[in-house]
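In what follows, a structure is listed as structure tokens, so that the remarks can point back to it.
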Protein chains: 2
Amino acid sequence: MRDAAEALGAKFQAWQAAAFDETRCPVRNLLDRIGDRWSTLLLANLASGPQRFSALARAVPDISKRMLTQTLRTLETDGFVHRDVQPTVPPSVTYSLTPLGRSFATPLLGLVEWAEANFADVCAARARMAEAA
Amino acid sequence: MRDAAEALGAKFQAWQAAAFDETRCPVRNLLDRIGDRWSTLLLANLASGPQRFSALARAVPDISKRMLTQTLRTLETDGFVHRDVQPTVPPSVTYSLTPLGRSFATPLLGLVEWAEANFADVCAARARMAEAA
DNA sequence: CTGAATCCTATGCGATACTG
DNA sequence: CAGTATCGCATAGGATTCAG
């Protein structure tokens, strides 16, 4: 197969010739959603199984309740997670990945693995630039 | 091989037990950088070959000069792109992917392909939620 | 042509307090 | 427990102008 960079480049050249409208471009649309600080973290945590609201809050200690709710709502409307409310007292709400959400684990895992493998190189590059300045 | 969601979940469970410090977590660090509106777009455009500043500005019509410069600088300090300045008059600056930047094309392509393949499903989910409200 | 500098606005996000 | 409502700040990022 061709080099990934070539394939990626070709793809974008084809796009910008035709429809580069940000509302229609799937990639820009996706990145505008899951490109925030929390979406990917929550998806990664939900990948290990359904979790309750408070469990997610503990798993991602530095998220506020506000952002946890908001991010989960966005992920729900985009079809990544399913929200299951048990009408008990006190209420119990369980979040889980939908099939769509699970399928997203594949590209996300690719990103995570790249980050792990190349983080040292990125840090080295930063150190070089810092020293040059 | 195991399911990607399982692998992703296991990875994050192992992490949050140990070092979930955002300054050290490679994934959070990476996403804080290329999770913005422009980084991935520029990387994708550079994937098709070296480009000059003005060519990139044309390729991504809705980026301001300010953000184009700033984003390219960040990508440069992180070792994704190389900046080649020709000291002519007027100056000519060419940006190209480093080997690190090229290697990132692989996971990015995975993300792009997922977005293309599943965008319709995401839109359908949004439509369902909009109608339910 | 490739920026740097300045100004301004929009909004992401945290903190806190309240509710069923 | 699982939110909602309100406030306020810090930052992303556009528009414009200046410079080498």
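Worth saying up front: this structure is predicted, and the values here are computed from it rather than measured. Each chain gets a letter, A, B and so on, in the order its sequence line appears, and its residues count up from 1.
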Could you tell me the separation between the CZ atom of Arg33(B) and the P atom of dT11(D), rounded to a whole number of Å?
-> 14 Å
Under 4.0 Å from any atom of DNA chain D, heavy atoms only: list the residues of residues 72-84 of chain A that qualify, in numerical order.
-> Arg73(A), Arg83(A)
Please test Leu72(B) against Phe80(B) for side-chain contact (heavy atoms from CB on, under 4.5 Å), starting from the C-alpha separation and ending with a verdict.
-> CA-CA 9 Å; Leu72(B) 285 169; Phe80(B) 287 87; over 6 Å; no
Say you draw a straight line from CZ of Phe12(A) to OG1 of Thr40(B); how long is it, rounded to the nearest 0.5 Å?
-> 6.5 Å
Could you tell me which non-hydrogen atom of Arg28(A) sits nearest to which non-hydrogen atom of Asp62(B), and how far apart they are?
-> NH2-OD2, 3.1 Å
Does any residue of residues 85-93 of chain B have a heavy atom under 4.0 Å from DNA chain D, and if so, which ones, in number order?
-> Pro91(B)
Is Val81(A) reachable from Val85(A) through a run of I, L, V, M, F, W or Y residues, each pair having side-chain heavy atoms under 4.5 Å apart?
-> yes
Hey, are the side chains of Thr74(B) and Ile34(B) touching, using non-hydrogen atoms and a 4.5 Å cut-off?
-> no
Side-chain N or O of Ser54(A) less than 4.0 angstrom from OP1 or OP2 on dA2(D)?
-> yes
For Ser39(A), the side-chain hydrogen bond (donor to acceptor under 3.5 Å, both in side chains) test, sequence neighbours excluded, returns Asp36(A)
Return yes if a side-chain donor-acceptor contact under 3.5 Å exists between Thr106(B) and Trp114(A), otherwise no.
-> no
Atom CG of Asp62(A) to atom C1' of dG14(C): distance rounded to whole Å?
-> 11 Å
Atom-pair distance (CG on Leu31(B); C1' on dA12(D)), nearest Å | 17 Å
Give me the bend of the helix from dC1(C)-dG20(D) to dG20(C)-dC1(D), using the axes of the five pairs at each end, rounded to 10°.
-> 40°
Is any side-chain heavy atom of Leu8(A) closer than 4.5 Å to a side-chain heavy atom of Leu43(B)?
-> no
Taking only residues two or more places apart in sequence, or in another chain, which ones meet Asp84(B) in a side-chain hydrogen bond (donor to acceptor under 3.5 Å, both in side chains)?
-> Gln86(B)
Whole-Å distance between dC1(D) P and Leu68(A) CG?
-> 13 Å
Could you check if a side-chain atom of Asp32(A) sits within less than 4.5 angstrom of a side-chain atom of Arg37(B), using non-hydrogen atoms only?
-> yes
Measure the CD1-OG1 distance between Ile63(A) and Thr71(A) for me, rounded to the nearest 0.5 Å.
-> 5.0 Å
5'-most by nearest nucleotide on DNA chain D - Lys65(B) or Thr94(A) = Thr94(A)
Any Tyr95(A) side-chain N or O less than 4.0 Å from OP1/OP2 of dG3(D) | yes
Would you kindly give the CD1-to-P distance between Ile63(A) and dA2(D), to the nearest whole Å?
-> 14 Å
Between Phe53(B) and Tyr95(B), what is the ring plane arrangement, given parallel below 30°, perpendicular above 60°, and tilted in between?
-> tilted
Could you write out each protein N or O paired with an N or O of nucleotides 10-12 of chain C at a distance under 3.5 Å?
none

Can you tell me how far CD of Gln51(B) sits from OG of Ser96(B), rounded to the nearest 0.5 angstrom?
-> 10.5 Å
